[in-house]
S.K.: 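Could you have a look at this structure, given as structure tokens, before my questions?
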Amino acid sequence: MLKLKNIHKSFGNNEILKGVDLEVKKGDIIVILGPSGSGKTTLLRSINFLEKADQGTMDFGDIHTSLAKASKKDIYNVRKRIGYVFQNYNLFANKTALENVTEGLIIAHKYPKEKARVKALNALRQVGLEDRADFYPSQLSGGQQQRVGIARAIVSEPEVVLFDEPTSALDPELVGEVLNVMKKLARAGITMIVVTHEMSFAESAANEVIFMDEGVVVEKGTPKEIFSHPKDPRTEQFLRRIINVDYQYAI
Ligand SMILES: Nc1ncnc2c1ncn2[C@@H]1O[C@H](COP(=O)(O)OP(=O)(O)O)[C@@H](O)[C@H]1O
Ligand SMILES: [Mg+2]
């Protein structure tokens, strides 16, 4: 359904992505793990053309394009078919939850206002926030704001939703409500690529885990393969570190 090949991306002299491949099938839940600075955000942003890669190709349904030289039309169509959940929610502070969710439908998808409203309320219901539709971001907790961010990402029924560390800005007690919404979406069959270090989510929801380091995919496999039998010492070392962090939180 979505196939990316040989993505390269540099910032100045710094090569951040060094030939990353990614293949996504319908219904996949792919979790991407990796140390800070390994290029995870840059990878997600390149898929959605928030960042222009220097090299690489994309096959996405009927779209076949180079990432460096995509036409405006291809970029527009890819963005319409991919949802994106940001680490820091990226909501408009001066718009209500409902307005944040309808915005893209009205602007990019050309929905009439009333139809957009009905669809947005439905998306807010899916994340358990229908009763907060008229609240502004400042009146919502971080967990609720991120759930609005998720409603905005799914409202147009995209083919794939990208999540960039959706819970890493949240206080620990708010992480669960966001992960629960994500697990529900996963069970509903939504195709998802999720950058997260939440092992519980990866273990219960993912069918593939990818470990990235220094701009390359080091290894990938099922959650069990990666967590119980990592092949590469870098994966093993990274896992040991994040498990220790989790453990510290737990005690
Ligand atoms: N717009 C940018 N300009 C320059 N350097 C950047 C930019 N965005 C990211 N980088 C650098 O690219 C590297 C990888 O960043 P990122 O993709 O955010 O990693 P991760 O999400 O895995 O932590 C980092 O060293 C970061 O400083
Ligand atoms: Mg990042």
Side-chain angles (χ1 to χ4, degrees), residues 22 24 27-45 47-48 82-91 126-129 140-154 158 160-213 217-230 232 234-251:
L22 185 65
V24 186
D28 271 353
I29 310 292
I30 298 178
V31 162
I32 303 180
L33 299 169
S36 175
S38 56
K40 306 177 302 291
T41 296
T42 306
L43 174 62
L44 291 191
R45 290 174 62 85
I47 297 172
N48 210 24
I82 296 183
Y84 201 104
V85 177
F86 296 88
Q87 194 166 3
N88 293 309
Y89 335 131
N90 275 21
L91 301 179
Q126 279 180 274
V127 301
L129 285 177
L140 299 171
S141 73
Q144 290 171 331
Q145 289 181 60
Q146 188 57 297
R147 282 149 67 197
V148 174
I150 294 173
R152 176 183 56 188
I154 62 170
V160 188
V161 184
L162 312 180
F163 293 79
D164 188 7
E165 299 206 38
T167 60
S168 66
L170 297 173
D171 290 335
E173 73 271 21
L174 301 177
V175 168
E177 65 186 71
V178 173
L179 291 180
N180 284 340
V181 164
M182 291 169 61
K183 285 178 193 167
K184 198 176 110 188
L185 298 178
R187 282 196 300 273
I190 294 185
T191 308
M192 298 165 49
I193 305 175
V194 186
V195 173
T196 184
H197 295 164
E198 293 292 339
M199 307 281 280
S200 67
F201 176 81
E203 278 177 339
S204 65
N207 61 302
E208 181 169 81
V209 175
I210 293 177
F211 175 68
M212 272 182 78
D213 193 18
V217 171
V218 173
E219 66 178 297
K220 60 181 181 177
T222 63
K224 196 165 177 219
E225 282 165 351
I226 299 295
F227 297 145
S228 309
H229 310 284
D232 194 286
R234 284 171 292 179
T235 316
E236 195 182 346
Q237 194 190 6
F238 174 79
L239 289 172
R240 205 174 300 134
R241 229 171 39 227
I242 62 169
I243 289 165
N244 278 339
V245 171
D246 281 350
Y247 182 66
Q248 280 168 15
Y249 269 122
I251 53 177

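Side chains are part of it too, since the values below use all heavy atoms of this structure and drop only hydrogens, waters and symmetry mates. Quick caveat: nothing in here was measured; it's all calculated off a predicted structure.
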S.K.: For I29 and A186, work out which heavy atoms get closest and say how close.
M.R.: CD1-CB, 3.6 Å
S.K.: Are any side-chain N or O atoms of D232 and backbone N or O atoms of R234, one a donor and one an acceptor, separated by less than 3.5 Å?
M.R.: yes
S.K.: When rounded to the nearest 0.5 angstrom, what distance separates NZ in K220 from CG in L22?
M.R.: 7.5 Å
S.K.: Can you check whether F238 reaches D213 side chain to side chain, under 4.5 Å on heavy atoms?
M.R.: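 Result no, sub-4.5 Å side-chain heavy-atom pair not found.
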S.K.: Between M212 and V217, does the side-chain contact (heavy atoms from CB on, under 4.5 Å) criterion hold? Intermediate values first, please.
M.R.: CA-CA 4 Å; M212 272 182 78; V217 171; 4.3 Å; yes
S.K.: Provide the closest heavy-atom pair for A202 versus V209 in the form atom of the first, atom of the second, distance.
M.R.: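 Residues A202 and V209, closest heavy atoms: CB-CG2, 4.5 Å.
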S.K.: Using side-chain heavy atoms (C-beta onward) and a distance below 4.5 Å, is V127 in contact with V148?
M.R.: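 Of all side-chain heavy-atom pairs linking V148 with V127, none is under 4.5 Å.
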S.K.: What is the distance from atom CD of Q146 to atom CG of L170, rounded to the nearest 0.5 Å?
M.R.: 6.5 Å
S.K.: When rounded to the nearest 0.5 angstrom, what is the spacing between OG in S228 and CD in E203?
M.R.: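 So the gap between those two atoms works out to 7.5 Å.
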S.K.: Can you find a pair of side-chain heavy atoms, one from L162 and one from D164, that are under 4.5 Å apart?
M.R.: no
S.K.: Can you confirm whether Q144 sits close enough to L129 that some side-chain heavy atom of one is under 4.5 Å from a side-chain heavy atom of the other?
M.R.: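 Touching, per the 4.5 Å side-chain cut-off.
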S.K.: Under the side chain to side chain donor-acceptor pair (under 3.5 Å) test, which residues partner E219, sequence neighbours left out?
M.R.: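 Testing E219 for side chain to side chain donor-acceptor pair (under 3.5 Å), a comparison that skips the adjacent residues, returns T235.
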S.K.: Mark yes or no for whether Q145, through its side chain, and L140, through its backbone, hold a donor-acceptor pair below 3.5 Å.
M.R.: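 At least one qualifying donor-acceptor pair exists.
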S.K.: If you look at every heavy atom in A206 and V31, which pair is closest and at what distance?
M.R.: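 Scanning both residues completely, I find the closest heavy atoms to be CB-CG2, 3.8 Å.
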S.K.: Just to verify, what does E177 make a salt bridge (charged side-chain N to carboxylate O under 4.0 Å, His left out) with, not counting sequence neighbours?
M.R.: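 E177 satisfies salt bridge (charged side-chain N to carboxylate O under 4.0 Å, His left out) with R147 once adjacent residues are dropped.
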S.K.: Rounded to the nearest 0.5 Å, what separates atom CZ in F86 from atom CZ in R152?
M.R.: 6.0 Å
S.K.: Apply side-chain contact (heavy atoms from CB on, under 4.5 Å) to F211 and L239, showing your working.
M.R.: CA-CA 10 Å; F211 175 68; L239 289 172; over 6 Å; no
S.K.: I need the minimum non-hydrogen distance between P223 and E208, along with the two atoms involved.
M.R.: CD-N, 4.5 Å
S.K.: Mind checking whether Y84 and L44 have side chains closer than 4.5 Å, heavy atoms only?
M.R.: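 Yes, at least one pair of side-chain atoms sits under 4.5 Å.
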S.K.: Which pair of heavy atoms, one from V85 and one from P166, lies closest together, and at what distance?
M.R.: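 Between these two residues, the closest heavy atoms are CG1-CB, 4.2 Å.
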S.K.: Does the side chain of S200 come within less than 4.5 Å of L179's, by heavy atoms?
M.R.: yes
S.K.: Let's go through V175 and F201 carefully: what are the C-alpha distance in whole Å and the side-chain angles of both, what is the deciding distance for side-chain contact (heavy atoms from CB on, under 4.5 Å) to 0.1 Å, and is it a yes or a no?
M.R.: CA-CA 11 Å; V175 168; F201 176 81; over 6 Å; no
S.K.: Would L185 and Q126 satisfy side-chain contact (heavy atoms from CB on, under 4.5 Å), going step by step from the backbone distance to the final call?
M.R.: CA-CA 8 Å; L185 298 178; Q126 279 180 274; 4.2 Å; yes
S.K.: Would you mind reporting whether I193 and L43 have side-chain heavy atoms less than 4.5 Å apart?
M.R.: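 No, side chains not in contact.
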S.K.: Closer than 3.5 angstrom, by distance alone: can the side chain of D28 be matched with the main-chain N or O of T191 as a donor-acceptor pair?
M.R.: no
S.K.: First locate atom NE2 of H229, then atom NZ of K224, and finally report the distance between them rounded to the nearest 0.5 Å.
M.R.: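 Rounded to the nearest 0.5 Å, the NE2-NZ separation comes out at 5.5 Å.
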S.K.: Could you tell me which non-hydrogen atom of G221 sits nearest to which non-hydrogen atom of I226, and how far apart they are?
M.R.: N-CD1, 3.5 Å
S.K.: Enumerate the side-chain hydrogen bond (donor to acceptor under 3.5 Å, both in side chains) contacts for residues 31-40, please, sequence neighbours excluded, ordered by first and then second residue.
M.R.: none
S.K.: Taking the side chain as every heavy atom from C-beta outward, state whether I30 and V24 have any atom pair closer than 4.5 Å.
M.R.: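 Side chain of I30 against side chain of V24, heavy atoms only: contact under 4.5 Å found.
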